[in-house]
Visitor: 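Dumping the structure here so I can ask a few things about it.
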Amino acid sequence: MSKKYILEMFPYPSGNIHMGHVRNYVIGDICARYHKLKGDKVIHPMGWDAFGLPAENAAIQFKTHPQDWTLQNIKNMKDQLQKLDLDLDWDREIATCNEDYYKHQQELFIDLYNAGLAYKKDALVNWDPIDQTVLANEQVIDGKGWRTGAEVEKKNLSQWFFRITDYAEELLTGLDNLSLWPEKVKTMQKNWIGKSIGAEIKFEISGSTDFLNIFTTRPDTIYGATFIAVSINHKIVSSSLDKKSIKDIKNTFASISNEKEKYGIKLNVNCKHPILDKEIPVYIANFVLDTYGEGAIFGCPAHDERDFEFANKYSLPIIKVVECKDTELPYTGDGKVINSPLLNGLEKKDAIEKIVSYFKKEGIGNEKINFKLRDWGVSRQRYWGCPIPVIYYEDGSYRVLDKNELPVLLPYNVNLEGKGNALLKKEDWRKITCPKKNKIAFRETDTLDTFVDSSWYYMRFLNNKLNIPFDSKQIDNLLPVDKYIGGIEHAILHLLYSRFFMKALRDIYGFNVDEPFKQLFTQGMITHKTFKTSNNEWVMPKEVVSKNGTLIRLKTKEVIKEGPCEKMSKSKKNVIEPDEILNSYGIDATRIFMISDSPPDRELEWTEEGIQSSKNLIHRIERYFAKEKSIIQKDVEKNIEKFVNDIEKNILNFSLNKCVADIYTLFNYLEKTKSYLHDSNLSKKILTCIFPILPKLSLSINNNLFKSNNIDIWPKVNLDLIKDDKIILPIQVKGKLVTTIDTNKDYLEEEILKSIYKLDKIKKKLLDRKIIKIINVQNKIINIITN
RNA sequence: GCGCCAGUGGCGGAAUGGUAGACGCGCUGGUCUUAGGAACCAGUGGGCAACCGUGGGGGUUCGAGUCCCUCCUGGCGCACCA
């Protein structure tokens with residue numbers, strides 16, 4: 001018996017499930033039910049990603065406490081999910097906002113801290129000066145606070161970070177082993193991690209013993225370096241300009257409307273070229289990122305587009321060091337190195353190798369690998385999240401709590417009105433006496449990013465009652481998740497953070513699992529038609545009727561124009577409520593429609609016709625099994641066997657739309673041949689195979705026919721039975737199909753050719769032609785090649 | 001701009017390099033009736049035909065929707081990453 005851990009990304013408890021959830025969970029449920037019928041030990045849990053900002057917003061808007069609001073939402077959504085009759089392990093349920101979840105997360109924080117993977121440093125946040133609060137990136141719209149409309153400021157705050165960059169290399173190479181992940185997601189993660197191999201080079205500052213570090217992927221172009229550019233936040237800027245000038249420059253940078261326009265200020269500093277006996281100027285440039293590499297570059301205008309543009313603007317020299325035509329400048333391709341005494345004639349790869357070893361020898365540079373990936377900032381200046389188990393003393397020092405001092409409970413009675421973080425204002429919670437040092441201390445008032453909550457929930461599901469975060473033995477036995485199903489929007493952050501957690505905790509606890517999710521499946525979103533009035537007001541589809549070919553709004557008789565199909569959203573009024581659909585069409589019709597009209601990883605367009613025909617199929621299957629038994633045709637068994645084989649293959653491939661086609665094909669056949677067989681093993685086989693997709697229907701028919709609530713286990717396919725001994729063989733002349741003939745499998749080529757030559761259609765084609773060659777792909781095709 | 005993915009009937013979509021369009025929707029004609037959110041039967045890529053057809057053009061192959069090159073269009077992601 002093998003284990004199958006099937007997991008759908010757990011939802012944020014917003015209060016109501018939407019069609020996207022339904023599709024997500026139906027896909028997972030079909031897998032889970034299939035594997036159960038196969039006899040696998042299936043783990044199929046569900047829980048709630050229950051911390052996060054919307055609860056705080058709701059608190060202000062509806063005057064409810066975030067906890068009450070969240071718990072009520074969980075209750076509502078659980079009711080709705082249960083109406084969907086999903087085969088979930090509800091006894092594994094967790095909610096990240098429950099003490100019993102987040103206290104273990106505090107333990108993990110301590111583990112990470114002790115392993116050197118959690119640390120504090122200053123970082124910039126979005127600060128709303130009116131609300132006196134920190135904003136998430138998505139709350140900043142066009143540089144303004146979403147609620148106050150105030151110009152958002154960048155503020156430097158001391159914050160907690162997880163050292164995900166320690167795992168950058170493994171997070172990158174690990175992708176190669178994830179053969180069951182979509183290429184697209186792997187590419188996105190690869191780009192996000194952004195590994196570049198290059199060199200770090202020291203540039204001596206003229207008239208000083210100090211130097212500038214520069215990262216480059218093109219050390220082979222060092223002879224072409226004619227300037228240096230640094231970011232405005234580089235330390236050389238603060239040491240050579242006063243604060244006022246820096247602020248002015250920042251403002252100038254910010255005022256450049258075309259983001260790509262190059263702009264620079266020459267500093268009163270030069271650097272020595274590391275090889276040549278010359279000095280090159282240093283600029284502050286708006287296009288140099290301070291978060292990448294060393295925040296400084298050397299400009300080689302001949303072989304870099306940005307440097308070329310900059311050099312032209314400020315009339316800096318352009319020195320060609322890679323062979324190319326002048327018209328090709330800036331030339332960024334490969335070629336032989338020129339104008340570079342140490343490197344002339346070498347190809348790029350050899351030149352890089354040679355120059356780097358020269359730098360090493362001279363002590364002015366080294367190989368360097370650089371990543372785009374930054375450490376993960378996990379502090380959120382928010383109430384509704386997992387408290388960080390840290391206390392601060394009056395002298396500014398801090399202490400990470402011991403595990404026996406946990407949990408740090410989130411206080412219930414807080415003031416969410418007004419400005420600032422509610423925890424900061426909660427003096428009686430914040431201020432404590434440190435039991436260890438017996439002096440006054442203050443709790444950390446930041447809470448953890450909710451991505452932390454979702455980075456290990458799949459571990460907690462394995463044993464949600466345990467008094468420690470998880471049991472390492474169970475992790476080894478039951479992870480990785482075999483099939484993880486969810487939206488593509490989590491391609492980077494959630495999935496990368498979870499992979500990091502898996503690896504970090506592996507190294508701390510010593511378990512043998514490297515990756516949390518063996519197979520990842522990203523389902524497509526659900527779209528629906530949109531409608532608008534002539535004033536561009538959105539109209540709900542059910543308000544629209546067609547009258548003599550024009551669309552009008554039922555109530556007002558306004559003429560309506562049809563828009564494109566778009567992702568369901570409240571603002572576009574094209575949402576379909578799962579509750580309504582379940583009430584009108586039932587669970588099974590809803591389930592099967594979720595997988596009918598397009599492959600599960602692509603968009604699904606919601607249509608009335610679609611859901612209706614799903615319902616019709618269910619009636620049709622019911623009618624079929626209600627018919628009087630009839631004599632069984634010879635081929636019925638074979639066709640059913642083929643059905644079992646096909647539908648199984650398609651479930652395993654997530655080709656669920658083809659499963660629906662398999663069901664139609666089977667019932668088309670059975671009805672066409674009037675084969676009604678419902679008291680036999682054959683009908684039990686059919687009921688088993690449709691059970692994962694249509695559980696309610698399958699059970700009720702099973703009950704009617706066999707007075708049993710038990711669905712048979714998944715049948716083992718008899719491949720001999722499926723084999724065809726008669727085949728239809730296509731006959732081509734010169735690669736073009738002319739006709740087909742019915743024949744036995746494993747025919748003799750000579751014999752079959754004789755009968756082929758007798759066919760009129762073939763005779764006509766062969767008239768006045770000479771046969772050059774016969775291509776017989778046994779049992780597949782015969783191709784007659786003529787002159 | 002760079003990267004990835006995709007382009008097949010009226011529509012959604014099927015096709016290990018081997019009969020393109022499975023299956024569904026829609027549509028056409030018919031049947032039946034307790035007039036239904038039905039059901040059943042027949043048909044449905046284009047063309048009167050020979051034939052032509054998988055975004056355009058080239059190529060590989062006996063044979064290409066499928067592989068290669070190139071261009072066009074659309075979607076997604078990244079976006080000055082040195």
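Just so we're on the same page: letters track the sequence lines, and every chain starts at 1.
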Visitor: Extract all donor-acceptor atom pairs below 3.5 Å that involve side chains of residues 667-675 of chain A and protein atoms in other chains or at least two apart in sequence.
Guide:
unit_1 : atom_1 : unit_2 : atom_2 : d
A/N668 : OD1    : A/R620 : NH1    : 3.4
A/N668 : OD1    : A/R620 : NH2    : 2.4
A/N668 : ND2    : A/Y664 : O      : 3.3
A/Y669 : OH     : A/V636 : N      : 3.4
A/Y669 : OH     : A/N639 : ND2    : 3.3
A/E671 : OE1    : A/R620 : NE     : 3.0
A/E671 : OE1    : A/R620 : NH2    : 3.0
A/T673 : OG1    : A/Y669 : O      : 2.9
A/T673 : OG1    : A/L670 : O      : 3.3
A/T673 : OG1    : A/S675 : OG     : 2.6
A/S675 : OG     : A/T673 : O      : 3.4

Visitor: Would A/R218 and A/D304 pass as an ion pair if we require N to O under 4.0 Å?
Guide: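 Salt bridge absent between A/R218 and A/D304.
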Visitor: Is it true that A/N616 and A/Q612 share a donor-acceptor pair across their side chains at a distance under 3.5 Å?
Guide: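 A donor-acceptor contact under 3.5 Å links the two side chains.
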Visitor: Less than 4.0 angstrom from a charged side-chain N to a carboxylate O is my criterion; do A/K638 and A/E641 meet it?
Guide: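 Answer for the salt bridge query: no.
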Visitor: Determine the stems involving RNA chain B; a stem requires 3 or more consecutive pairs of the Watson-Crick or G-U wobble kind, each with both distances below 3.5 Å, and the answer is none if no such run exists.
Guide: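 So the stems come out as B:1-7 with B:72-78, B:10-12 with B:23-25, B:26-31 with B:39-44, B:55-59 with B:67-71.
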Visitor: Select base, sugar-phosphate, or nothing to describe what A/I728 touches, counting heavy atoms under 4.0 Å on all strands.
Guide: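 It contacts base atoms.
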Visitor: Nearest whole Å is fine: how far is B/G21 P from A/N657 CG?
Guide: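 Rounded to the whole Å, the gap is 18 Å.
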Visitor: Atom NZ of A/K672 to atom C1' of B/C23: distance rounded to whole Å?
Guide: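 Roughly 14 Å, once rounded to whole Å.
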Visitor: Show me the side-chain donor-acceptor pairs of residues 740-750 of chain A shorter than 3.5 Å, one per line, residues at least two apart or across chains.
Guide:
unit_1 : atom_1 : unit_2 : atom_2 : d
A/N744 : OD1    : A/K726 : NZ     : 3.3
A/D746 : OD1    : A/N779 : ND2    : 3.1
A/Y747 : OH     : A/N776 : OD1    : 2.8
A/Y747 : OH     : A/N779 : N      : 3.0
A/E749 : OE1    : A/N776 : ND2    : 3.4

Visitor: For a quick test of reading the model, state the closest non-hydrogen atom pair linking A/I693 to A/C659 and the distance between them.
Guide: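 In this case the closest contact between A/I693 and A/C659 is CD1-CB, 3.7 Å.
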Visitor: Provide, to the nearest angstrom, the distance between the CD atom belonging to A/Q732 and the P atom belonging to B/G17.
Guide: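 For the pair A/Q732 CD and B/G17 P, the rounded distance is 16 Å.
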Visitor: Looking at A/K529 and A/E566, is any side-chain nitrogen of the basic one under 4.0 Å from a carboxylate oxygen of the acidic one?
Guide: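 Between A/K529 and A/E566 there is no salt bridge, as every charged N stays at least 4.0 Å from the carboxylate O atoms.
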Visitor: Short of 4.0 Å, heavy atom to strand atom, which residues of residues 293-305 of chain A count as contacting RNA chain B?
Guide: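 Of all residues in residues 293-305 of chain A, the ones placing a heavy atom under 4.0 Å from RNA chain B are A/I297.
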Visitor: Are A/D760 and A/K764 ion-paired here, with the side-chain N under 4.0 Å from a carboxylate O?
Guide: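 Salt bridge between A/D760 and A/K764, a charged N being under 4.0 Å from a carboxylate O: no.
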Visitor: I need the CD-P distance between A/Q612 and B/G36, as an integer number of Å.
Guide: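 Checked: the CD to P distance equals 13 Å.
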Visitor: For RNA chain B, which residues in residues 733-740 of chain A have a heavy atom at a distance below 4.0 Å?
Guide: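 Result for residues 733-740 of chain A: A/G735, A/K736, A/L737, A/T740, sorted by number.
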Visitor: Rounded to whole Å, please give me the gap between OH in A/Y664 and P in B/A22.
Guide: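 Roughly 15 Å, once rounded to whole Å.
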Visitor: Using a distance-only test with no angle check, is there a side-chain donor-acceptor pair under 3.5 angstrom linking A/S196 and A/N370?
Guide: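 Looking only at side-chain atoms, A/N370 and A/S196 do not form any donor-acceptor pair under 3.5 Å.
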Visitor: Below 3.5 Å, does any donor atom in the side chain of A/K184 face an acceptor in the base of B/C76, or the other way round?
Guide: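 Answer no: no donor N or O sits under 3.5 Å from an acceptor.
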Visitor: Checking A/K658 now: which residues fulfil side-chain contact (heavy atoms from CB on, under 4.5 Å) with it, not counting sequence neighbours?
Guide: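 A/K658 satisfies side-chain contact (heavy atoms from CB on, under 4.5 Å) with A/N650, A/S655 only.
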Visitor: Starting at CH2 of A/W181 and ending at P of B/C5, how long is that distance when rounded to a whole Å?
Guide: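 So the CH2-P distance, A/W181 to B/C5, works out to 18 Å.
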Visitor: State, without any angle test, whether A/R499 and A/Q189 hold a side-chain donor-acceptor pair at a distance under 3.5 Å.
Guide: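 A/R499 vs A/Q189: donor-acceptor pair found between side chains.
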Visitor: Taking atom C1' of B/G3 as reference, at what distance in whole Å does atom NZ of A/K195 sit?
Guide: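 Whole-Å distance recorded here is 19 Å.
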